[in-house]
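In what follows, a structure is listed as structure tokens, so that the remarks can point back to it.
Worth saying up front: this structure is predicted, and the values here are computed from it rather than measured. In listed order, ligands and their atoms are each counted from 1. What you see below is based on every heavy atom in this structure, not just the backbone, and it leaves out hydrogens, waters and symmetry mates.
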Amino acid sequence: MKVGQPEKFIIDGKRLDGRAVDELRPLKIKAGVLKRADGSAYLEWGGNKVIAACYGPREVHPKHMMRPDRAVLRTYYNMAPFSVIDRKRPGPDRRSQEISLVTRQALEPVVLTNLYPRTAIDIFIEILQAQAGTRCTGITAASVALADAGIPMKSLVPACAAGKVDGEIVLDLFDIEDNFGSADLPVAIIPKTGEVTLLQMDGNLKGDEFERAFKLAVEGCYQVYEKQKEALIEKYGGGD
Ligand code: UDP
């Protein structure tokens with residue numbers, strides 16, 4: 001057993017943070033929190049605290065990135081040095097590059113980039129405090145920031161993970177479960193069509209466990225989607 005690993009993750013049906021196996025961590029979303037960004041969002045999701053800022057459509061620099069037929073979508077995921085227990089070295093690293101890439105790939109299918117040729121849409125995701133699941137938190141925040149910036153999109157993109165601890169499939173891992181559990185499966189979807197725009201997996205799952213974890217993560221995405229819509233309705237009013 002690793003240092004810090006709990007003997008059991010689920011005791012009397014409750015997880016170590018008191019949640020049921022299919023329960024999300026508390027999630028609060030606020031749209032429009034930064035004056036100088038075109039759109040922004042602040043999320044608190046369990047112990048994750050994340051800001052997303054969207055700029056654009058705007059001029060593309062460097063110019064060679066410009067596309068004649070569409071906007072380029074660029075995503076920058078950054079984890080603050082103070083966001084984790086062991087100080088994180090500032091600046092980009094392989095992990096942040098990978099998360100920036102999968103974030104862009106999760107969002108690109110919904111953004112109507114063809115409406116803004118020769119421009120850039122930039123999204124900055126700053127992790128202020130991390131408690132596992134920051135890529136899902138970042139994608140969820142980024143899509144609200146895009147909507148807040150008035151960028152035309154087919155849909156919002158909610159994200160949520162499921163995983164496995166103590167042989168059980170659980171929703172939305174927090175850090176102890178993520179560090180010492182057996183699997184983590186982050187998923188992002190386009191709710192209206194059910195299309196999947198992010199699917200990654202750490203650890204190992206049997207086929208039937210994978211199916212159950214995937215289904216649970218998708219159900220989590222739909223709950224997150226409701227919160228995204230609430231945040232936008234709170235700022236702008238109106239319906240769906
Ligand atoms: N983490 C950390 N230091 C790092 C990177 C990650 O402590 O340099 C923690 C942080 O809590 C993060 C978790 O490990 O949320 C899981 O990281 P992972 O790479 O699985 O991505 P995430 O689950 O955040 O999308």
Side-chain angles (χ1 to χ4, degrees), residues 2-6 9 15-17 19 21 23-29 41-52 75-108 123-145 157-165 169-189 196-205 210 213-214 216-218 220-221 223-225 227-228:
K2 293 185 214 153
V3 179
Q5 181 169 350
F9 291 93
R15 292 151 76 179
L16 297 177
D17 61 356
R19 282 183 292 155
V21 289
E23 191 178 339
L24 280 185
R25 288 173 287 181
L27 171 58
K28 279 195 295 188
I29 309 180
Y42 174 66
L43 254 91
E44 284 186 10
W45 187 344
N48 292 319
K49 296 187 178 183
V50 173
I51 278 205
T75 45
Y76 305 89
Y77 168 100
N78 181 53
M79 191 169 231
F82 52 79
S83 66
V84 284
I85 296 168
D86 297 317
R87 178 182 180 277
K88 189 211 160 272
R89 209 165 151 230
D93 51 23
R94 286 180 60 151
R95 178 176 173 277
S96 66
Q97 283 175 16
E98 180 240 329
I99 297 180
S100 298
L101 173 70
V102 297
T103 299
R104 176 167 64 73
Q105 291 170 337
L107 297 170
E108 218 158 30
I123 305 165
F124 297 85
I125 296 164
E126 296 289 328
I127 309 299
L128 307 175
Q129 189 174 288
Q131 193 211 21
T134 60
R135 77 195 61 206
C136 291
T137 312
I139 291 167
T140 300
S143 95
V144 175
V157 177
C160 186
K164 181 178 158 185
V165 295
I169 302 301
V170 297
L171 184 64
D172 185 24
L173 304 181
F174 75 111
D175 51 8
I176 296 172
E177 295 172 334
D178 184 271
N179 291 344
F180 304 112
S182 352
D184 179 23
L185 186 83
V187 172
I189 62 162
V196 177
T197 65
L198 170 85
L199 177 62
Q200 295 187 291
M201 190 174 112
D202 266 346
N204 58 72
L205 292 172
F210 173 83
F214 175 70
L216 191 60
V218 169
C221 287
Q223 291 182 44
V224 172
Y225 180 47
K227 298 278 186 184
Q228 289 177 309

Q | Subset of ligand 1 atoms that lie under 4.0 Å from at least one heavy atom of Ala130 | A | 10 (C), 11 (O), 15 (O)
Can you tell me how far [atom2] of [Y] sits from [atom1] of [X], rounded to the nearest 0.5 angstrom?
| X | Y | atom1 | atom2 | answer |
| --- | --- | --- | --- | --- |
| Cys160 | Gln223 | SG | CD | 7.5 Å |
| Arg15 | Leu171 | CZ | CG | 6.5 Å |
| Leu205 | Phe214 | CG | CZ | 13.0 Å |
| Leu107 | Ile123 | CG | CD1 | 5.5 Å |

Can you confirm, on distance only, whether ligand 1 has an N/O atom lying under 3.5 Å from any N/O atom belonging to [X]?
| X | answer |
| --- | --- |
| Arg135 | yes |
| Asp175 | no |
| Met79 | no |

(Q) Taking Lys88 first and then Asp93, would you say they form a salt bridge - that is, a charged N and a carboxylate O separated by under 4.0 Å? (A) yes
Q: Of the side chain and backbone of Ile85, name the one, both, or neither that has a heavy atom under 4.0 Å from an atom of ligand 1.
A: neither
How far is [atom] from the closest protein heavy atom, and which atom is that?
| atom | value |
| --- | --- |
| atom 19 (O) of ligand 1 | Arg95 NE, 2.7 Å |
| atom 23 (O) of ligand 1 | Gly133 N, 2.8 Å |
| atom 8 (O) of ligand 1 | Lys88 CG, 3.9 Å |
| atom 13 (C) of ligand 1 | Ala132 CA, 3.9 Å |
| atom 24 (O) of ligand 1 | Thr134 OG1, 2.5 Å |
| atom 16 (C) of ligand 1 | Asp178 OD1, 3.4 Å |

Q: Only one of Val50, Ile125, Ile139 passes side-chain contact (heavy atoms from CB on, under 4.5 Å) with Tyr77; say which it is.
A: Ile125
Q: Kindly identify the option in Val84, Ile99, Asn48 whose heavy atom sits closest to atom 2 (C) of ligand 1.
A: Val84
Q: Go through Asp172 and Arg19 one step at a time and tell me if the salt bridge (Lys or Arg N to Asp or Glu O under 4.0 Å) criterion holds.
A: CA-CA 10 Å; Asp172 185 24; Arg19 282 183 292 155; 3.6 Å; yes
**Q.** Donor + acceptor pair across side chains of Gln131, Asn48 (<3.5 Å)
**A.** no
